[in-house]
**Student:** 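I have a structure here, written as structure tokens, and I will follow up with some questions on it.
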2 protein chains.
Amino acid sequence: MRVKTSNGKGDISQIPEPTLRRLPGYLSFFKALKINNVEFVSSGQIAANFKMDSTLVTKDLAYTGIKGRTKIGYNVNQLIETIIQFLDFNSQEKAFLFGVGNLGRALIKYHGLKSYGLHIVAAFDVDTNVVNSTLNDAKIYPIDEFRDLSRKLDVRLGIITTPDAKAQETADLMVAWGIKAIWNFTPQSIKVPDNIIVENTSIYSDLAVILNRLNNS
Amino acid sequence: MRVKTSNGKGDISQIPEPTLRRLPGYLSFFKALKINNVEFVSSGQIAANFKMDSTLVTKDLAYTGIKGRTKIGYNVNQLIETIIQFLDFNSQEKAFLFGVGNLGRALIKYHGLKSYGLHIVAAFDVDTNVVNSTLNDAKIYPIDEFRDLSRKLDVRLGIITTPDAKAQETADLMVAWGIKAIWNFTPQSIKVPDNIIVENTSIYSDLAVILNRLNNS
DNA sequence: AATATGTTGTTAATAAATTAACATCTTGGT
DNA sequence: ACCAAGATGTTAATTTATTAACAACATATT
């Protein structure tokens with residue numbers, strides 16, 4: 001196992017998914033520290049904030065390549081810069097969104113996403129009432145225009161916020177027109193070719209955990 | 001509720017969180033099968049749909065207590081009923097929501113949540129423009145009225161969709177007035193007493209995974 | 001300048017989750 | 001009625017993630 005240096009170059013960065021998932025949380029914490037003019041923070045302090053083991057923090061941060069200083073800790077500004085860089089949160093990755101319902105609309109208007117590397121450049125829907133309107137800087141088009149827009153703009157990421165029943169056909173359309181990664185907000189599992197990246201976000205899973213903890217403890 | 005006794009010690013083995021998180025996905029799949037009039041489904045078919053190991057499916061379903069039949073598979077209707085029961089998705093757990101921004105509004109209007117056991121009965125915000133309006137059947141109140149409403153209604157669950165900076169003080173307020181579980185949609189880690197259940201939902205974690213897979217593979 | 005201290009970073013051990021192997025059982029066909 | 005097939009359910013092995021132990025080291029203090 002040679003997870004030695006993660007210089008960001010090459011594809012050897014086999015970072016564990018749990019670590020990857022924790023990094024945005026750290027980032028949020030560090031940003032808050034910066035606002036409070038805190039300059040340095042130790043792995044112990046970070047661990048205490050998240051109620052976790054300090055060595056786990058150390059390991060997680062080591063993946064980003066950042067170095068702490070003995071007796072001092074980590075430089076907060078450097079942490080923020082390094083994590084943003086590592087996670088490509090300054091890349092402004094362009095995305096198409098399909099299905100401008102409640103959730104879709106919220107995601108488009110949620111400008112927080114922009115500072116986390118995502119830029120929804122256009123949306124698509126079948127509802128003629130919303131088509132041709134504009135939310136933030138994203139215009140809403142009829143589905144038919146996806147093909148042409150897909151050629152004009154170079155978009156790799158597609159977001160599915162359609163009704164559950166439309167998830168699969170939306171995914172098929174995306175794959176057909178060159179989308180490389182799909183962010184699926186429906187609970188439906190979608191079938192795509194192996195080279196397509198799929199990330200499922202299901203708030204129902206979180207809800208299941210909460211209800212379980214509430215009722216069985 | 002009793003699940004399974006691990007050994008003679010009499011303590012019950014809790015369901016693993018990964019299993020818990022997969023159950024809503026299964027449920028969604030089974031509901032789709034029912035619509036297509038499929039009556040029985042085997043663990044192999046389920047596993048194929050989710051591209052996972054079939055024994056894992058078997059194990060997951062075993063936790064709910066449901067029994068499959070050799071050569072036949074699992075009864076779809078029974079699966080749906082059992083999982084809904086197991087996850088308390090028919091409990092209509094009442095919830096307060098704090099912060100009627102883009103995301104908060106989407107959650108309130110998202111009637112899908114209702115069929116998954118959650119009923120947002122009221123919301124709170126500081127913005128006088130939204131206060132006193134009604135979304136779905138949830139009225140929006142000023143924060144001040146939380147205390148009285150908390151006494152009148154018996155609500156155990158609180159949802160935080162405020163700006164990040166307000167997350168902690170909102171959590172403090174919730175704890176002070178008897179909320180037992182907090183669903184935190186901000187990336188901020190909140191500090192609460194040990195007996196309070198906290199579930200963090202961070203779409204930034206999912207975003208981090210997607211961007212990483214897109215850029216490093 | 002020397003020392004004590006607190007903090008990183010590495011290696012080892014434990015715990016948890018997934019995958020594999022196998023045994024069991026029930027149904028359908030001959 | 002018997003046998004074969006196919007699926008569940010259990011036990012073992014592997015992989016992965018987390019926690020613990022410890023070594024190295026730079027800084028502040030005396």
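Chain letters run A, B, ... following the sequence lines, proteins first, then strands; residues in each count from 1. Keep in mind that what you see is a predicted model, and the values were worked out from it rather than measured.
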**Student:** Can you check the Q45(A) CD to dG6(C) P distance for me, whole Å?
**Tutor:** 13 Å

**Student:** Report the relative orientation of the aromatic rings in Y26(A) and F30(A); use parallel for angles under 30°, tilted for 30 to 60°, perpendicular for over 60°.
**Tutor:** parallel

**Student:** Assign T58(A) to base, sugar-phosphate, or nothing according to its heavy-atom contacts below 4.0 angstrom with the strands shown.
**Tutor:** base

**Student:** Please work out whether the ring planes of F89(A) and Y116(A) are parallel, tilted or perpendicular, with thresholds of 30° and 60°.
**Tutor:** perpendicular

**Student:** How close or far is atom P of dT8(D) from atom OH of Y63(B), stated in whole angstroms?
**Tutor:** 18 Å

**Student:** So, the side chain of D164(B) versus the backbone of Q188(B): is there a donor-acceptor pair under 3.5 Å, distance only?
**Tutor:** no

**Student:** Calculate the interatomic distance between F40(B) atom CZ and dT27(C) atom P; express it in whole Å.
**Tutor:** 10 Å

**Student:** Only distances under 3.5 Å count here; give the side-chain donor-acceptor pairs of residues 48-58 of chain B to other protein atoms, sequence neighbours excluded, each with its distance to 0.1 Å.
**Tutor:**
from: N49(B); atom 1: OD1; to: S189(A); atom 2: OG; distance (Å): 3.0
from: K51(B); atom 1: NZ; to: V192(A); atom 2: O; distance (Å): 3.3
from: D53(B); atom 1: OD1; to: T55(B); atom 2: N; distance (Å): 3.1
from: D53(B); atom 1: OD1; to: T55(B); atom 2: OG1; distance (Å): 2.7
from: T58(B); atom 1: OG1; to: S54(B); atom 2: O; distance (Å): 3.0

**Student:** For nucleotides 16-18 of chain C, list the nitrogen or oxygen atoms of the protein found under 3.5 Å from its nitrogen or oxygen atoms, one pair per line.
**Tutor:**
from: dT18(C); atom 1: OP1; to: R22(B); atom 2: NH1; distance (Å): 3.1
from: dT18(C); atom 1: OP2; to: R22(B); atom 2: NH2; distance (Å): 3.1

**Student:** What I want to check is whether the side chains of D172(A) and Q168(A) have a donor and an acceptor closer together than 3.5 Å.
**Tutor:** yes

**Student:** Should the pair F124(A) and F146(A) be assigned to parallel (<30°), tilted (30 to 60°) or perpendicular (>60°) ring geometry?
**Tutor:** perpendicular

**Student:** If I take atom CG in residue N75(A) and atom P in nucleotide dT8(C), what distance separates them, rounded to the nearest angstrom?
**Tutor:** 13 Å

**Student:** Taking I15(A)'s backbone N and O only, do any of them form a donor-acceptor pair with T19(A)'s side chain (distance below 3.5 Å, no angle check)?
**Tutor:** no

**Student:** From OH of Y74(A) over to P of dG6(C), roughly how many Å is that when rounded to an integer?
**Tutor:** 18 Å

**Student:** How many Å lie between CD1 on I72(A) and C1' on dA28(D), as a whole number?
**Tutor:** 9 Å

**Student:** What contact category does T55(B) fall into here, base, sugar-phosphate, or nothing, at under 4.0 angstrom with non-hydrogen atoms?
**Tutor:** base

**Student:** Tell me which nucleotide among dT5(C), dT27(C), dG9(C) gets nearest to the side chain of R69(B).
**Tutor:** dT27(C)

**Student:** Using the side-chain heavy atoms of T70(A), tell me which of these nucleotides is nearest: dA7(D), dG9(D), dC25(D).
**Tutor:** dC25(D)

**Student:** Output the rounded distance in Å from NZ (K71(B)) to P (dT26(C)).
**Tutor:** 13 Å

